[in-house]
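I have placed the structure first, in the form of structure tokens, so that the comments after it can refer back to it.
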Amino acid sequence: MYRYQYSLVSDEALYIAGPECFYTYGYDALGAMKARAEALGFSVTLPNSDPLDMENPNLQKRADSIFANLEKVMLDTTAIVADLEAYRGAEPDSGTVYELGMAYAKGAKCYGYTRDKRSFATKNPNTRLQDGKVTDEFGNHPFYGQLPFAPTIIGSTKIVEGSFEDCLQMMILDKEEESKFKARRGYYVDRSRARTEKSGEKPLVYLAGVGRYQENAQEIFGKMKEICAKYGMQAFSPVDWAAGVEQMETENPYVWAQNLFDNFQQHVRNCDVIVADLNDYRGYEVNNDVGFECGMGFQLGKKLYGYMDNASPMIEKIPHLGVDKEYRDHTGSNVENFNYPCNLMFSCSMKIFEGDFEKIIAEVAEDLLSK
């Protein structure tokens, strides 16, 4: 007998991720998105679903309450839909990408939407042709210039060119196909989260940094690994290949990105500690690959540390129109005013140090030993 009220997605708890909370009328937009998802049968989780401590005179405590609520609702989340539009620069909001990392780590389905799925080299206004070579704003060959987003986003997320509504329709279509697949013999889903590198006497540290995009990446990370060894830690970098992951030779950029993502995410699973470069990258945001790795690491219970050249509060670093204009920046988005140096996802989940790398590692080592 046909069940007229049956919903394929009634078992999906959908987390809506994006920088909308910073936009003028952004909460109205989130409310409309939530209502539309619920009308299609999804249950919806949002990072502001519970009462928050937003009157606390300690600004950092306000941010901490938002992050604690996020940590709580993520436990129930089975799928995430992320707004991947460029934000305060050429790439998506780093807080949103952090949430994608959390969702991926707990096995939730990851979806994203964008109006522009062209290659990043096409979208990035700072890409140049110099002496017959394509370079980015840092003078490097564009690491993922053929792809629309960073490898961690490509590898973890099904990306729809369109709107939030288009993404929901894709999710429903996938549920239909998943339902049919379950009726076939041999149905099997591998949920393995196994480490391929065992902990030893020394803490295993993953250096989540942007040096991975430079031609001399091996040299950059080699020096950083030497410093970590000096302070009693064994370090791995994004350009090292994790045990169990083989580097593939391919001209297909999506195969290449998936292979890289597999390597990055395996390093996150293998490590005990993540030390992350949280400096601004292509705008006023943390690098997307680094942001994803931090979110994934947090959800898996890894110890997180961050470092920045300038760890003063965000409100002092991003130009804005002041309190009377809700601290709106050049995009119309308000700047976080929580007395933290970067997006609250990072600031609430790790200690953030300022200074040269050896000084930072010395402080990381001291903090680890104190635990």
Side-chain angles (χ1 to χ4, degrees), residues 6-23 25-54 62-85 87 92-114 152-153 156-160 162-175 178 189 191 193 291-292 294-301 336 338 343-349:
Y6 182 77
S7 171
L8 281 170
V9 295
S10 59
D11 60 340
E12 297 287 9
L14 182 65
Y15 183 90
I16 301 175
E20 278 74 15
C21 58
F22 302 117
Y23 296 166
Y25 307 120
Y27 283 100
D28 293 336
L30 283 171
M33 293 158 75
K34 179 176 184 289
R36 180 55 183 152
E38 289 176 337
L40 291 172
F42 294 93
S43 63
V44 176
T45 60
L46 287 171
N48 58 349
S49 56
D50 290 343
L52 303 175
D53 188 15
M54 300 308 288
R62 298 183 189 184
D64 293 343
S65 73
I66 296 172
F67 188 78
N69 185 237
L70 161 65
E71 188 177 356
K72 175 185 173 184
V73 299
M74 191 60 74
L75 294 174
D76 298 323
T77 296
T78 64
I80 183 171
V81 175
D83 180 350
L84 298 179
E85 291 298 293
Y87 181 73
D93 168 46
S94 57
T96 299
V97 180
Y98 184 108
E99 292 167 326
L100 271 176
M102 291 179 71
Y104 173 81
K106 74 177 299 289
K109 301 167 186 173
C110 299
Y111 289 80
Y113 60 95
T114 176
T152 48
I153 299 176
S156 64
T157 306
K158 180 171 282 191
I159 303 167
V160 176
S163 65
F164 176 75
E165 170 77 17
D166 295 325
C167 218
L168 294 181
Q169 296 300 331
M170 175 62 77
M171 294 181 72
I172 292 171
L173 178 60
D174 285 350
K175 288 291 287 188
E178 181 183 306
V189 177
R191 300 293 186 189
R193 299 184 182 185
F292 184 97
C294 288
M296 182 181 174
F298 175 81
Q299 193 67 27
L300 291 177
E336 289 184 32
F338 294 128
N343 184 290
L344 71 87
M345 303 298 174
F346 304 93
S347 297
C348 294
S349 59

Checklist entry - So, Glu12 versus Ser43: side-chain donor-acceptor pair below 3.5 Å or not? => result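 Side-chain D/A pair, Glu12 to Ser43: absent.
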
Within-4.5 Å side-chain heavy-atom neighbours: [X] and [Y]:
X      : Y      : answer
Glu71  : Phe298 : yes
Thr77  : Met102 : no
Leu14  : Met171 : yes
Thr96  : Tyr87  : no
Asp166 : Tyr113 : no
Glu336 : Phe22  : yes
Phe42  : Ile172 : yes
Thr152 : Leu100 : no

Identify the two heavy atoms, one from [X] and one from [Y], that lie closest to each other, and give their separation to 0.1 Å.
X      : Y     : value
Ala37  : Val44 : CB-CG2, 3.7 Å
Leu40  : Val9  : O-CG2, 3.4 Å
Ile80  : Ala17 : CD1-CB, 3.9 Å
Ala108 : Ala79 : CB-N, 3.9 Å
Pro92  : Leu84 : CG-O, 3.3 Å
Gly18  : Asp83 : CA-CB, 4.0 Å

Item to check | Within the 6.0 Å centroid threshold, strictly below: Phe67 and Phe338 | outcome: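 Here the rings of Phe338 and Phe67 have centres that are no less than 6.0 Å from each other.
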
Next on the checklist: Within this structure, what is the CD-OH distance for the pair Glu99 and Tyr15, rounded to the nearest 0.5 Å?
Outcome noted: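 That separation rounds to 3.5 Å.
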
Item to check | Partners passing ring pair (Phe, Tyr, Trp, His ring centres under 6.0 Å) against Tyr98 (at least two apart in sequence or in another chain) | outcome: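 So Tyr98 forms a ring pair (Phe, Tyr, Trp, His ring centres under 6.0 Å) with Phe346.
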
Checklist entry - Between Asp174 and Lys109, is there a side-chain N and carboxylate O pair less than 4.0 Å apart? => result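 Salt bridge flag = no for Lys109 with Asp174.
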
Item to check | Intermediate values then yes/no, side-chain contact (heavy atoms from CB on, under 4.5 Å), Asp11 and Thr78 | outcome: CA-CA 8 Å; Asp11 60 340; Thr78 64; over 6 Å; no

Checklist entry - Testing Pro19, Cys348, Ser94 for side-chain contact (heavy atoms from CB on, under 4.5 Å) with Asn343, which one passes? => result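 For Asn343, the side-chain contact (heavy atoms from CB on, under 4.5 Å) test succeeds with only one of Pro19, Cys348, Ser94, which is Ser94.
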
Next on the checklist: The criterion is salt bridge (charged side-chain N to carboxylate O under 4.0 Å, His left out); which residues satisfy it with Asp76, sequence neighbours excluded?
Outcome noted: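 None.
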
